[in-house]
S.K.: 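My structure is below; once you've seen it, I'll send some questions.
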Amino acid sequence: FIKVLSACGRRTDAKKVFDNAVKLGMDGPETAAVKEELAAGAALDVKSRYKNIEMGKLNELFSQQLYLEIVNILVDVPKEGPEYANLHNIKGAAYARLGHYDAAIKSYQAALLCSKKFADAENNLGVAYLEIDNMTAAEKSFKKALAICPFYAEAHNNLGNLNTKLGDLDASLKCFKNALDLDPEYADAYNNLGNVHQKLGMMEDAKVCYKKALKVKPNYANAACNLAFLYRDLNDTQQAEKYYLHTLNLDKQHLTRLMD
């Protein structure tokens with residue numbers, strides 16, 4: 001009866017009948033075989049379910065910040081097969097947005113088990129390691145991403161962030177410039193380069209970078225906030241006030257930072 005249910009695709013019902021039979025003392029040479037058959041059928045069901053998932057739908061959920069929904073949809077993604085790599089990667093990104101970096105790391109590692117030369121997963125893994133201050137692992141992941149894809153502007157930028165955290169500002173400058181050579185419209189890289197220039201006392205260069213970041217991305221509150229602080233440090237009250245107000249118009253969450 002259990003085999004008939006399984007063959008008809010009613011594997012959940014078959015599993016319930018099997019579990020009840022075991023509780024009632026069912027035993028014998030066929031028990032292990034039936035259990036194995038049910039497990040194999042369940043694995044097929046999982047693969048079938050994920051085969052038809054559209055990445056476009058998941059990306060739409062991600063853009064709507066429905067990260068927990070993504071995690072729930074992808075709760076038991078198979079861990080073998082290159083076709084599942086992107087699913088593990090977006091699951092990791094959802095976990096990261098939720099602040100669950102250990103879970104994100106496991107998902108990115110699962111993506112890399114499915115597809116070893118997956119530059120996006122390596123880069124995302126590096127970002128997750130950076131969030132938990134595992135600098136050695138982060139550097140290894142960013143460099144692996146760049147070995148797979150040397151023209152990966154985001155990985156160059158993230159390696160620059162790592163070097164900034166480590167205090168190696170010369171290496172940071174090189175990384176951010178590499179990112180901008182590859183993508184001249186990369187607002188984050190302009191902003192990060194501005195931060196390094198400011199740390200080095202190169203105020204005019206920092207100002208140029210922050211303004212380029214805002215030109216590329218006019219609603220970039222972080223760059224506007226950095227300009228406000230820069231003009232404050234240069235005793236240019238008028239420009240500082242201008243960018244304070246501009247920052248608050250873009251994102252009032254920066255108020256605490258501006259009040260410091």
Side-chain angles (χ1 to χ4, degrees), residues 5-19 35-149 152-155 157-159 161-162 188:
L5 288 174
S6 182
C8 292
R10 296 172 58 186
R11 295 191 180 93
T12 301
D13 292 334
K15 180 71 165 55
K16 287 178 182 177
V17 173
F18 176 79
D19 289 343
K35 185 176 181 180
E36 187 176 329
E37 184 177 323
L38 287 174
L44 283 174
D45 285 346
V46 169
K47 288 185 177 181
S48 177
R49 185 165 74 251
Y50 286 112
K51 184 178 180 182
N52 297 318
I53 287 183
E54 295 181 6
M55 282 301 299
K57 174 64 175 176
L58 293 175
N59 288 330
E60 183 180 339
L61 291 173
F62 199 90
S63 68
Q64 294 170 357
Q65 301 181 14
L66 298 174
Y67 308 124
L68 189 57
E69 187 170 340
I70 292 171
V71 169
N72 290 334
I73 290 172
L74 302 177
V75 65
D76 56 355
V77 183
K79 294 183 178 179
E80 293 182 3
E83 66 270 29
Y84 303 116
N86 280 321
L87 298 181
H88 285 293
N89 189 49
I90 196 169
K91 182 181 177 182
Y95 271 130
R97 290 298 179 92
L98 291 167
H100 302 324
Y101 295 110
D102 288 341
I105 286 167
K106 288 179 181 177
S107 292
Y108 295 137
Q109 288 172 334
L112 289 163
L113 285 175
C114 292
S115 180
K116 291 182 180 179
K117 292 191 175 183
F118 191 178
D120 281 350
E122 284 288 7
N123 177 64
N124 291 339
L125 180 59
V127 173
Y129 278 131
L130 195 56
E131 288 289 347
I132 62 172
D133 291 326
N134 188 337
M135 305 300 187
T136 301
E139 182 177 17
K140 185 177 179 180
S141 290
F142 292 141
K143 288 184 175 179
K144 278 187 177 181
L146 289 169
I148 296 166
C149 182
Y152 196 172
E154 188 177 346
N157 179 68
N158 289 332
L159 186 58
N161 287 332
L162 173 89
D188 283 349

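Just so you know, these numbers use all the heavy atoms, side chains as well, and skip hydrogens, waters and symmetry mates.
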S.K.: Sequence neighbours excluded, which residues qualify as side chain to side chain contact (heavy atoms under 4.5 Å, CB included) partners of Asn89?
M.R.: Tyr108, Ala111, Phe118, Asp120, Ala121, Asn124
S.K.: Any side-chain heavy atom of Asn134 within less than 4.5 Å of one from Ile105?
M.R.: no
S.K.: Taking all heavy atoms of Leu87 and all of Met55, pick out the closest pair and write down the distance.
M.R.: CD2-SD, 3.7 Å
S.K.: Kindly indicate whether the side chain of Leu112, heavy atoms from C-beta on, has any atom under 4.5 Å from the side chain of Leu125.
M.R.: yes
S.K.: Can you tell me which residue among Asn161, Asn157, Val127 is in a side chain to side chain contact (heavy atoms under 4.5 Å, CB included) with Phe142?
M.R.: Val127
S.K.: Might you point out which heavy atoms bring Ala104 and Gly92 nearest each other, and give the distance in Å?
M.R.: CB-O, 3.3 Å
S.K.: Measure the CG-CG distance between Leu159 and Leu146 for me, rounded to the nearest 0.5 Å.
M.R.: 6.5 Å
S.K.: Closest approach of Leu130 and Leu162, non-hydrogen atoms and distance?
M.R.: CD1-CD1, 3.5 Å
S.K.: According to side chain to side chain contact (heavy atoms under 4.5 Å, CB included), who are the partners of Ala147, at least two apart in sequence or on a separate chain?
M.R.: none
S.K.: Counting N and O atoms only, with roles assigned by atom type, does the side chain of His88 sit under 3.5 Å from a partner on the main chain of Lys106, one being a donor and the other an acceptor?
M.R.: no
S.K.: Among residues at least two apart in sequence or on other chains, which ones pass side chain to side chain contact (heavy atoms under 4.5 Å, CB included) with Ala103?
M.R.: Tyr95, His100
S.K.: Where do Tyr84 and Cys114 come nearest, in terms of heavy atoms and distance?
M.R.: CB-SG, 4.1 Å
S.K.: List the atom of Tyr67, the atom of Phe62, and the distance in Å for their closest heavy-atom pair.
M.R.: CE2-O, 3.6 Å
S.K.: With sequence neighbours left out, what residues match Asn86 under side chain to side chain donor-acceptor pair (under 3.5 Å)?
M.R.: none
S.K.: Does the Ser141 side chain pair with the main chain of Ala138, one donor and one acceptor, at a distance under 3.5 Å?
M.R.: no
S.K.: Could you tell me which non-hydrogen atom of Ala145 sits nearest to which non-hydrogen atom of Ala119, and how far apart they are?
M.R.: CB-O, 3.7 Å
S.K.: Look up atom CD in Glu69 and atom CG in Leu58, then write down how far apart they are to the nearest 0.5 Å.
M.R.: 9.5 Å
S.K.: Begin with the C-alpha distance, continue with both residues' side-chain angles, and end with the deciding distance and a verdict on side-chain contact (heavy atoms from CB on, under 4.5 Å) for Ile73 and Leu61.
M.R.: CA-CA 11 Å; Ile73 290 172; Leu61 291 173; 3.7 Å; yes
S.K.: Applying side chain to side chain donor-acceptor pair (under 3.5 Å), can you list everything that pairs with Gln109, at least two apart in sequence or on another chain?
M.R.: Tyr129
S.K.: Just by modelled atom types, is the Leu74 backbone N or O under 3.5 Å from a matching donor or acceptor in the Lys91 side chain?
M.R.: yes
S.K.: Please, which pairs that meet salt bridge (charged side-chain N to carboxylate O under 4.0 Å, His left out) have at least one residue in residues 121-139, sequence neighbours excluded?
M.R.: Asp133-Lys165, Glu139-Lys143
